[in-house]
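I have placed the structure first, in the form of structure tokens, so that the comments after it can refer back to it.
Small disclaimer: the values here were computed from a predicted structure and weren't measured. Naming: A, B, ... by sequence-line order, numbering from 1 per chain.
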2 protein chains.
Amino acid sequence: MLSMKTQYAFKALMYLAQKDSEGPVLIAEIAEKKGIPLKFLENILLELKKAGILDSKKGKGGGYFFNQRPTDVRLAKVMRLIEGPIALLPCISLNFYQKCKNCDERHCGLNVVMKEVRDATLQILESKTVSDISKLSL
Amino acid sequence: MLSMKTQYAFKALMYLAQKDSEGPVLIAEIAEKKGIPLKFLENILLELKKAGILDSKKGKGGGYFFNQRPTDVRLAKVMRLIEGPIALLPCISLNFYQKCKNCDERHCGLNVVMKEVRDATLQILESKTVSDISKLSL
DNA sequence: CGTATTGCGTCTTCATTGAAAGCATAATAT
DNA sequence: ATATTATGCTTTCAATGAAGACGCAATACG
């Protein structure tokens, strides 16, 4: 199951994508419309900014907006950034690999099956973008 | 990512499946061979027993063994039992459904994509059994 | 200017869960 | 009876999730 943080991140990104042409959006507006605790949302948006996905502007008329185009932000990227590994086991993860103890990966049936799951999941999350899911929500 | 508990559960089941014909297996033996903390493993095996997957015998010559046949224990069942929901969002889960706030599920793009992920994952985890993964490990 | 607006940074808190460890009890084979 | 082994119950300890408080920094606009 995804953490609240990740779910909030996706919701915020969808909201921003829908308002993409309208200039900076207030954190408070996103928080209210999407039912996200304000301070928590600040952290999330900041993380997305540091990763180069969003940008922000301070002061009056400020707020958050996309730095990259929503059509370029793949869901897998957001997942890895906020949630961490996509694979179900550390010994399978492409970006967060860790060897597992007492287990020869070349002869581990669990490894084989979980790789199948990872590949199926990745195929979906790498092919869909924030723009895709925001458009599905109209 | 799966919890340690779930990873241990799978490893223990694989070990038991490989020794299926040799009578009860000691908790201590599984713990040692698979590098699992003894007391933690006790809890896990007990849970698997209460779910009807395993059975145990006390006293000398006792230990754990399969109640159901390993070919009948689907990975999805173990996952749901030990880990919880397989879906990435509560509003998608078949067995642990919860409505999500501030989100109309019929018009949520995130919902659509995460359902695809769930279905792809389920197709694999429902079709593979403990017997399958234990045989892959020889 | 300076003042209101808005994001940024840091620190603290609080509850939940993960991951065990300890110890006493119950069943079984011999 | 006794040794062996599983079971039950309680507690602990660390990490993480999920926030809340408060002050600082940048910007627009008059």
Rounded to whole angstrom units, what separation is found between the [atom1] atom of [X] and the [atom2] atom of [N]?
| X | N | atom1 | atom2 | value |
| --- | --- | --- | --- | --- |
| Leu46(B) | dT25(C) | CG | P | 18 Å |
| Met1(A) | dG17(D) | CE | C1' | 14 Å |
| Ile44(B) | dA6(D) | CD1 | C1' | 16 Å |
| Glu47(A) | dG9(C) | CD | P | 12 Å |
| Phe65(B) | dT28(C) | CZ | C1' | 12 Å |
| Ile36(B) | dG18(C) | CD1 | C1' | 15 Å |
| Glu83(B) | dA19(C) | CD | C1' | 14 Å |
| Asn43(A) | dT12(C) | CG | C1' | 13 Å |

Taking Gln18(A) for its side chain and Ser134(A) for its backbone only, find out whether a donor-acceptor pair lies under 3.5 Å.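 The answer is yes, because a donor-acceptor pair under 3.5 Å joins these two groups.
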Determine yes or no for a side-chain-to-main-chain donor-acceptor pair under 3.5 angstrom, with Ser137(A) supplying the side chain and Gly109(B) the backbone.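 Side chain of Ser137(A) to backbone of Gly109(B), a donor-acceptor pair under 3.5 Å: yes, one is there.
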[N] phosphate, OP1 or OP2, under 4.0 Å from [X] side-chain N/O:
| X | N | answer |
| --- | --- | --- |
| Tyr8(B) | dG18(C) | no |
| Lys60(A) | dA26(D) | no |
| Lys5(A) | dA19(D) | no |
| Ser3(B) | dT17(C) | no |

Under a 3.5 Å threshold, yes or no: a donor from one side chain and an acceptor from the other, between Gln98(A) and Ser93(A)?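 Side-chain D/A pair, Gln98(A) to Ser93(A): absent.
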Choosing from [options], which nucleotide comes nearest the side chain of [X]?
| X | options | value |
| --- | --- | --- |
| Lys58(B) | dA19(C), dA27(C), dA20(C) | dA27(C) |
| Glu42(B) | dG8(D), dT5(C), dC8(C) | dG8(D) |
| Lys49(A) | dG20(D), dC8(C), dA28(D) | dC8(C) |

Applying the 4.5 Å side-chain criterion to the ILVMFWY set and letting contacts propagate, would Tyr15(B) and Met4(B) be lumped into a single cluster?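 Yes, Tyr15(B) connects to Met4(B) through the hydrophobic network.
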Please tell me which of Gly59(A) and Met4(A) maps to the more 5' nucleotide of DNA chain D, matching each residue to the nucleotide holding its nearest heavy atom.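 Per heavy-atom nearest nucleotide, the more 5' residue is Met4(A).
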For Lys39(B) and Gly61(A), find the nucleotide of DNA chain D closest to each by heavy atoms; which residue's nucleotide sits nearer the 5' end?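 The residue whose closest nucleotide sits nearer the 5' end is Lys39(B).
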Please classify the nucleic acid contact of [X] as base, sugar-phosphate, or nothing, using heavy-atom distances under 4.0 Å.
| X | value |
| --- | --- |
| Leu38(A) | nothing |
| Leu45(A) | nothing |
| Leu26(A) | sugar-phosphate |

Measure the shortest side-chain to side-chain distance between Leu45(B) and Ile27(B) over non-hydrogen atoms and say whether it is less than 4.5 angstrom.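 Yes; the side chains approach each other to less than 4.5 Å.
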Return yes if the base of dG9(C) and the side-chain atoms of Lys50(A) contain a donor-acceptor N/O pair under 3.5 Å, otherwise no.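 Counting by modelled atom types and ignoring angles, no donor-acceptor contact under 3.5 Å is found here.
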Counting neighbours of CD on Gln123(A) that are heavy atoms of other residues, nucleotides or ligands and sit closer than 6.0 Å, is the number greater than 12?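 Open.
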